[in-house]
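Everything on this sheet refers to the single structure shown next.
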Amino acid sequence: MSAAGDRRGRASLPSVDVVLRHSTAAGPARQHGQRVLAEAVRTELARLRDTIAEDESSPDVDTVLAGALAALELRRGSGVRRVINATGVVVHTNLGRAPLSDAARAAVMAASGYANVEYDLATGGRGSRTARVGLLAAELCGAEAGTAVNNGAAALLLAVAALAGGREVIVSRGELVEIGGSFRLPEIIAAGGATLVEVGTTNRTRVEDYRRAIGPGTGMILKVHPSNFRLIGFTEDADLLELAALGAEHGLPVVFDAGSGLIDDDASAGIPDEPEVRAAVATGAGLVLFSGDKLLGGPQAGLLVGARDAVERCRTAPLARALRIDKLQVAALEATLLAHLRTPVPLEVPVIGMLHADDEVLRRRADALAGALARAVPDAAVVTVALEGVVGGGAAPGVAVTSHGIRIGGPHATRLAARLREQDLPVIVRVVDDGVLLDVRTIDAGDEATVVEALRRCLEARTRR
Ligand SMILES: *Cc1c(COP(=O)(O)O)cnc(C)c1O
């Protein structure tokens, strides 16, 4: 029982001043700032006042301070920080999707001060924020023109608003998808100020269905890659090439939301069924949209490539300003596009490198990781395992990416996973059938020693209990 234990109830709680003047408060006050700490103490005292029963002993100053600091930690401690991704999911939306290449990181650093984002160094006049990424994206995709906005959803919203605002957008019923929780196609179309016209059925839609729906109010034809789900069995969807021809016949823009940003088959690493942006552009569709941070392996961004007039209408639409890409994204995107322009399979872009990782190399890395852990923790129940990972980011659903890693058995797999998350450099793992799985594909080779050390600490904490 504390020294204050004899004093009973809420009335005897220390005051804010008493807590702040206490000798143990000096360090936290320096660390967090006096005002922040005072506010946390006030909040903690209010909480105690509400929860302590009248006849309960009143907590002492140290207890109040500890409570306030714990609340502060909770609020401030978990800002965005680096983690080690041992899940094997290459494009992990919850872990920041694509890790950037060294060149893209350097470009972000360089742009984080003053930078010529909208300044033309040749003339000293105003420049365009997206002119260069637009050119690079267009060149990479074989398009007349290109531009970029904040993300894929913004690209679609902008295309709808700019090309079909106040008019109708024709979409197949098989493509009215929801992607990632808050991206629902009908809602985006409504938000873009257009009216959705559904054609076909869930499993079959033909070009004739689109043709019949075209009328005086039609603003555009939209085709959406369903990304995170697949219809199998008796299905049919209209070919983009045929839709592009239909659009041309009626003078209507045809927009294709390709989603994942696979540029062409070279970069696919054998992933089936992902649309290739270059091939889509080559059909003559007016506009092809894709994300920057999925299979392209760059920063969060939404790219729009295609016919010059369609891109220009998007670029100059009033909404474009609200959806614009920020300078750090521009810098990283330029570097990523340049890497793709240099070679069809830029392995230095981490997403591309990880998807193309050699099976034998992954197996050897898993062996080495298991060996290092067995040396560090002789009684660790560690074995190497063949794993099935996924691409992630809504790309190639249902397609397993075979990989290699280690499995750690023994009691309390969930608790081990939780301890790994609590490390200064958190290690994110999968728990399957009471085992902790680490897939080496997504672990940077330079982080392997850190992973072994984290595992050693966490496993030793487990045996101490
Ligand atoms: C991922 C995806 C989007 C959303 O892109 P964000 O960059 O996440 O905003 C839109 N459409 C398709 C087809 C997608 O796969």
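Ligands are counted one by one from 1 in listed order, and the atoms in each one are counted from 1 as well.
Of all atoms in ligand 1, listed by their number and element, those nearer than 4.0 Å to a heavy atom of R97 are 6 (P), 7 (O), 8 (O). Heavy-atom contacts of H225 reach the following atoms of ligand 1: 13 (C) (cutoff under 4.0 Å). Under a 4.0 Å criterion applied to the non-hydrogen atoms of S291, ligand 1 contributes the atoms 5 (O), 6 (P), 7 (O). Atoms of ligand 1 found under 4.0 Å from any heavy atom of D257, numbered from 1 in the order shown, are 10 (C), 11 (N), 12 (C), 13 (C).
Note on residues 145-174: pairs passing salt bridge (charged side-chain N to carboxylate O under 4.0 Å, His left out), not counting sequence neighbours, are R173-E198.
Of the charged side-chain nitrogens involved, none lies within less than 4.0 Å of a carboxylate oxygen, so that D358 and R364 do not count as a salt-bridged pair. Residues E249 and R211 are paired through a salt bridge, judged by an N-O separation under 4.0 Å between the basic side chain and the carboxylate. Electrostatic pairing of R365 and E360 does not count as a salt bridge here, judged by no charged N lying under 4.0 Å from a carboxylate O. Between R419 and E422 there is no salt bridge, since none of the side-chain N atoms of the basic residue sits less than 4.0 Å from a carboxylate O of the acidic one.
With atom 6 (P) of ligand 1 as the reference point, the heavy atom nearest to it among A301, G302, G152 is part of G152.
Between S260 and ligand 1, no pair of N/O atoms sits closer than 3.5 Å. Note: no N/O pair closer than 3.5 Å links G259 and ligand 1 by distance alone. For a threshold of 3.5 Å applied to N or O pairs, the pair formed by K294 and ligand 1 contains at least one separation below that value. Considering backbone and side-chain N/O atoms, A153 comes within less than 3.5 Å of an N/O atom of ligand 1.
Here E274 has no heavy atoms under 4.0 Å from ligand 1, in either its backbone or its side chain.
Evaluated for a side-chain contact (heavy atoms from CB on, under 4.5 Å) with V277, the options D264, L303, L296, V305 yield exactly one hit, V305.
Every residue two or more places apart in sequence or in another chain was checked for a side chain to side chain donor-acceptor pair (under 3.5 Å) with K294, and none qualifies.
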